[in-house]
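Here the structure is a predicted model, which means the values were calculated and not measured. Counting convention: from 1, in listed order, for ligands and their atoms alike.
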Amino acid sequence: MTAQTLTPTAFVAARSRAHGPTVALWHAVELHRSECELDGACELTVCGALARVTTDERWPLAARDVCPACAVLTRC
Ligand SMILES: [Zn+2]
């Protein structure tokens, strides 16, 4: 029997809303619950913003408008 306690952290993509000079960006949200619970929910992103989770998209995603802070923080 193999113990699998150290599973790598998974991330889902979340879309922030554009407000003021800030454009809408894709952020990463740590997947700490089941995906179905997170779908459509506003969650705290890796960079500390609030964004709506889209489980249709997987982090990292190949989009141009990706949050640079989340991209750096999730790189390992
Ligand atoms: Zn971010």
Side-chain angles (χ1 to χ4, degrees):
M1 199 169 101
T2 316
Q4 287 187 322
T5 47
L6 286 171
T7 47
T9 311
F11 296 97
V12 286
R15 186 76 169 168
S16 68
R17 292 179 66 186
H19 55 91
T22 314
V23 293
L25 288 172
W26 285 106
H27 296 265
V29 170
E30 209 174 308
L31 188 58
H32 51 86
R33 280 182 283 159
S34 63
E35 271 184 60
C36 53
E37 275 186 70
L38 284 173
D39 194 22
C42 263
E43 287 286 326
L44 194 63
T45 65
V46 173
C47 69
L50 275 175
R52 194 168 291 275
V53 174
T54 308
T55 50
D56 295 342
E57 301 285 352
R58 273 285 173 181
W59 185 272
L61 42 78
R64 284 177 296 114
D65 49 350
V66 168
C67 169
C70 281
V72 169
L73 289 166
T74 56
R75 198 179 297 150
C76 48

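No side-chain heavy atom of Leu31 sits under 4.5 Å from any side-chain heavy atom of Trp59. Contact of the Arg15 side chain with the Asp65 side chain is registered, since non-hydrogen atoms from C-beta on lie closer than 4.5 Å.
Contact between Asp39 and Thr54 at its shortest, heavy atoms only, is OD1-CA, 4.3 Å. Annotation for Glu30 and Leu38: closest pair O-CD1, 4.5 Å, computed over non-hydrogen atoms. Looking at every heavy atom in both residues, Ala14 comes nearest to Val29 through CB-CG2, 3.6 Å.
Sorted by chain and number, the protein atoms of type N, O or S within less than 2.8 Å of the Zn ion (ligand 1) are His27 ND1, Cys47 SG, Cys67 SG, Cys70 SG.
Proximity of a side-chain donor or acceptor of Ser16 to a complementary backbone N or O of Leu25 within less than 3.5 Å is detected.
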